[in-house]
2 protein chains.
Amino acid sequence: MQELTLRQQEILLWIRQYMADHGIPPTRLALCAAMGFRSPNAAESHLRALERKGAIELVQGVSRGIRLVEEPKETSGLPLIGKVAAGQPILALAHIESYEPIAPELFRPVAHYLLRVQGESMRNAGILEGDLVAVHHTLIAQNGQIVVARLEDEVTIKRFYRRGERVELHPDNPDYPVIEVNLKKRALHIEGVMVGLIRA
Amino acid sequence: MQELTLRQQEILLWIRQYMADHGIPPTRLALCAAMGFRSPNAAESHLRALERKGAIELVQGVSRGIRLVEEPKETSGLPLIGKVAAGQPILALAHIESYEPIAPELFRPVAHYLLRVQGESMRNAGILEGDLVAVHHTLIAQNGQIVVARLEDEVTIKRFYRRGERVELHPDNPDYPVIEVNLKKRALHIEGVMVGLIRA
DNA sequence: CTAGTAACTGTAATTATATACAGTTACTAG
DNA sequence: CTAGTAACTGTATATAATTACAGTTACTAG
């Protein structure tokens with residue numbers, strides 16, 4: 001879609017609103033009334049311009065024959081991240097196993113993706129192997145929060161504690177060791193914080 | 001919405017399809033062409049009938065002024081059950097705290113409702129206080145399954161074991177006691193089996 | 001300076017659409 | 001038997017809506 005002028009944006013926005021309100025596209029005359037045009041041709045040429053730029057489609061000879069051209073819409077739902085390959089960003093398309101029909105707003109703050117839990121290291125926090133952890137993508141974490149961290153290409157879910165340049169990643173399971181990281185010596189990236197959990 | 005005749009259902013279905021295909025409601029003439037009517041009045045009176053029965057709304061004087069009346073849709077979420085009052089069925093309207101935007105099909109078998117967990121009796125199964133347990137409504141449970149059971153007006157989530165007329169409800173937490181029930185002496189109802197869990 | 005484009009006014013004509021009125025046929029409940 | 005209703009045909013007409021044509025004004029890039 002080509003770039004729209006301000007006026008054209010305004011008109012496209014109004015068309016969207018009209019369709020949401022009425023359930024049908026507007027007529028040229030309705031557009032005139034709304035925008036203050038005194039000539040139906042003003043509406044017509046705006047629509048033609050919007051069509052030329054790919055924002056809408058016009059069906060000729062048909063009343064209200066205006067079709068919104070869908071933007072490449074984000075698939076509604078949350079992407080489920082499977083195995084994360086070394087050296088690649090966690091949200092890379094290649095890692096997306098599927099989209100789960102769960103509203104991101106179900107969680108506070110909103111979830112950006114789901115990550116499948118491997119291992120029992122967070123068992124005592126009620127996080128079991130195979131669970132899907134909802135993650136809010138952020139680079140900063142508070143002490144005590146459960147985070148998704150990447151330590152030298154390995155992605156792990158642990159409780160986060162930081163004192164200066166020393167970070168401790170605590171499992172919630174006495175059978176697993178605490179991971180100590182000196183930020184100067186090893187690369188540690190916070191990929192997000194846990195905001196929820198789904199067991200299906 | 002009143003009950004529709006077969007023909008009316010057929011027409012309503014066609015209107016839905018037309019709107020999905022074209023993005024706009026049909027005209028009377030389009031309906032005629034599709035259904036084989038030779039008179040536009042046939043279309044008109046069908047539309048009037050559909051309006052009378054509450055299936056659609058007609059906006060008079062407006063071309064394509066047909067609006068679908070949305071069914072009170074249940075497909076778009078799961079009811080969250082809060083506190084369950086004594087003596088009332090668990091799925092009573094009065095117990096529904098809210099609808100959560102989660103697809104029932106996310107779980108296998110499908111979830112019918114969510115129940116908020118109280119207490120820590122299932123801690124070792126990764127079920128914590130405040131979690132939402134997704135429940136499939138059924139009256140039969142297998143040994144070892146986690147069930148929602150009603151024992152003399154109290155609703156509880158436990159692991160189910162049955163031997164003849166003796167039922168044991170096991171917590172997954174050594175700090176809680178096993179509940180033993182003799183079906184002849186006390187009323188026990190299975191309200192459903194756990195099929196998933198959500199922590200928001 | 002000039003051509004091109006956005007953003008309009010104003011008029012008119014054609015076609016698309018809704019909708020009224022007058023019937024017909026078949027079925028169904030009282 | 002009869003009134004009511006579903007499901008149509010057939011005709012007619014007013015109005016809703018698209019769309020062509022002829023202009024005007026202001027801005028912008030070469």
Requested in this report: With pairs defined as Watson-Crick or G-U wobble and both distances under 3.5 angstrom, please note down DNA chain C as a dot-bracket string, | for pairing with another strand.
Outcome: ||||||||||||||||||||||||||||||

Measure from the side-chain heavy atoms of [X] and tell me the nearest of [options].
| X | options | value |
| --- | --- | --- |
| A/H46 | C/dC8, D/dC8, D/dA6 | C/dC8 |
| B/E44 | C/dT9, C/dA18, D/dT18 | C/dA18 |
| B/K53 | C/dT19, D/dA6, C/dA7 | D/dA6 |
| B/T5 | D/dA6, C/dA6, D/dA17 | D/dA6 |
| A/A42 | C/dA7, C/dT9, D/dA6 | C/dT9 |

Report task. Identify, residue by residue, the members of residues 60-68 of chain A with a heavy atom below 4.0 Å from DNA chain D, and return them in order of residue number, or none. Result -> A/Q60, A/G61, A/V62, A/S63, A/R64

Requested in this report: If the plane angle is over 60° it's perpendicular, under 30° parallel, otherwise tilted; pick one for A/F37 and A/H46.
Outcome: parallel

Query raised in the report: Could you state the interatomic distance from CD1 (B/I11) to CD1 (B/I56), rounded to the nearest 0.5 Å?
Result: 9.5 Å

Query raised in the report: So how far is it from B/N143 CG to B/R163 CZ, rounded to the nearest 0.5 Å?
Result: 7.5 Å

Query raised in the report: How would you list, by chain and number, every residue that makes a salt bridge (Lys or Arg N to Asp or Glu O under 4.0 Å) with B/R186, sequence neighbours excluded?
Result: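 Residues passing salt bridge (Lys or Arg N to Asp or Glu O under 4.0 Å) with B/R186: B/E152.
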
Query raised in the report: Below 4.0 angstrom from OP1 or OP2 of D/dA7, is there any side-chain N or O of B/R7?
Result: no

Query - side chain to side chain contact (heavy atoms under 4.5 Å, CB included) between A/R162 and A/L183, intermediate numbers included - result: CA-CA 10 Å; A/R162 174 175 182 178; A/L183 292 181; 3.9 Å; yes

Show the atom names and distances, to 0.1 Å, of all donor-acceptor pairs under 3.5 Å that link a side chain in residues 164-171 of chain A to residues at least two apart or in another chain.
unit_1 : atom_1 : unit_2 : atom_2 : d
A/R166 : NH2    : A/E180 : OE1    : 2.6
A/E168 : OE1    : A/H170 : NE2    : 2.8

Sub-3.5 Å pairs of nitrogen or oxygen atoms, protein against nucleotides 27-30 of chain C:
none

At their closest point, which heavy atom of [X] faces which heavy atom of [Y], and how far apart are they?
| X | Y | answer |
| --- | --- | --- |
| B/R199 | A/A125 | NH1-O, 3.0 Å |
| A/I24 | B/S63 | CD1-O, 4.1 Å |
| B/R64 | A/V62 | NH2-CG1, 2.9 Å |
| A/N124 | B/R123 | O-NH1, 2.9 Å |
| A/S39 | A/C32 | O-SG, 3.3 Å |
| B/Q142 | B/F160 | O-CD2, 3.7 Å |

Atom pairs, N/O to N/O, protein against nucleotides 11-14 of chain D, distance under 3.5 Å?
none

Query raised in the report: Would you call A/L115 and A/E191 a side-chain contact if the rule is heavy atoms closer than 4.5 Å?
Result: no

